[in-house]
Amino acid sequence: MATSKHALSFFITAFSLSCLCAQEAYFQQEVGYIIDARLDDEAHALRGQVAIAYQNNAPHALDSLWFHLWPNAYRDRQTAFARQQERMNKSHFFFAEDSELGGIDSLDFSVDGNPARWALHPEHPDIAVLLLSEPLPAGGQVRIHTPFRLQLPRNFSRLGREGQAYQFTQWYPKPAVYDKRGWHPMPYLDMGEFYSEF
């Protein structure tokens, strides 16, 4: 009887350990920001610079970094946000004047002081990929810098303006989440939540 108890105990322990080994260990990337920005309350625009320290805590190297440029959701009437507004029968954005739209531009990414290649997602102008000149190893860190200009839209969702009253959310370039399932670059949506590195 004692032998079968020991065998059962060994089997349960071995099974538990094999299940734990089969799961990839949890990790979370670390992102630090230094942002310098100035608001022009006549042009309803914000000019700034962001310096980002990105720490790769994944157990493998990364050859690119995906970014959210969520203010570009208000750039035109073809974005995922605009299509969602239309599906929900919200016509304010669809019938807005061009002067009431907004977005983020004047981006010029550098990585560790060197110019970097980057591109907008072909379908979502509020997502971009930053190509690294050499892979970022596990445990490695890069410093990313870019100037930016934010044209504030009328207040259609969480970011915007009414006269000279401003609401700032999701307004600066920020890396998408990378976790054990991979990258999570997602377009901005009014009905939806955010998955972000902190």
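This structure is a prediction, so every number in the text was calculated from the model and none was measured.
With hydrogens and angles ignored, the 3.5 Å screen pairs no side-chain donor or acceptor of Ser64 with any backbone N or O of Leu130. Judged by distance alone, the side chain of Thr79 and the main-chain N or O of Ala82 form a donor-acceptor pair under 3.5 Å. Within the 3.5 Å criterion, the main-chain N or O of Pro125 finds a donor-acceptor partner in the side chain of Asn72. Listed for the Tyr166 side chain is a donor-acceptor partner under 3.5 Å among the backbone atoms of Asp41.
Applying the ring pair (Phe, Tyr, Trp, His ring centres under 6.0 Å) test to His92 and every residue at least two apart in sequence or in another chain returns nothing. For Tyr172, the ring pair (Phe, Tyr, Trp, His ring centres under 6.0 Å) partners two or more places apart in sequence, or in a different chain, are Tyr33.
The closest side-chain heavy-atom distance from Arg38 to Arg47 is not below 4.5 Å. Met191 places a side-chain heavy atom less than 4.5 Å from the side chain of Met88. Counting heavy atoms from C-beta on, the side chains of Asn57 and Glu30 come closer than 4.5 Å. Here the side chains of Asn56 and Gln29 are in contact, with some heavy-atom distance below 4.5 Å.
Counting non-hydrogen atoms of neighbouring residues, nucleotides and ligands closer than 6.0 angstrom, the CD atom of Glu42 reaches no more than 12 such neighbours. By the neighbour-count criterion of 12 heavy atoms within 6.0 Å, atom CG of Leu131 is densely surrounded, having more than that number from other residues, nucleotides or ligands.
Between His121 and His124, the angle of the ring planes lies from 30° to 60°, which puts this pair in the tilted group. Taking the six-membered ring for Trp and thresholds of 30 and 60 degrees, Trp171 and Phe148 have ring planes inclined between 30 and 60 degrees apart.
Contact record, Ala96 with Leu101: CB-CD2, 4.3 Å, taken as the closest heavy-atom pair. Heavy atoms only, all atoms of each residue included: Leu69 and Ala128 are closest at CD1-CB, 3.8 Å. The shortest heavy-atom contact between Arg77 and Phe93 is NE-O, 3.8 Å. Of all the heavy atoms in Asp190 and Gln84, the pair that sits closest is N-OE1, 2.8 Å. Taking both residues in full, the closest heavy atoms of Ser157 and Phe81 are given as CB-CE1, 3.8 Å, listed atom of the first, atom of the second, then distance.
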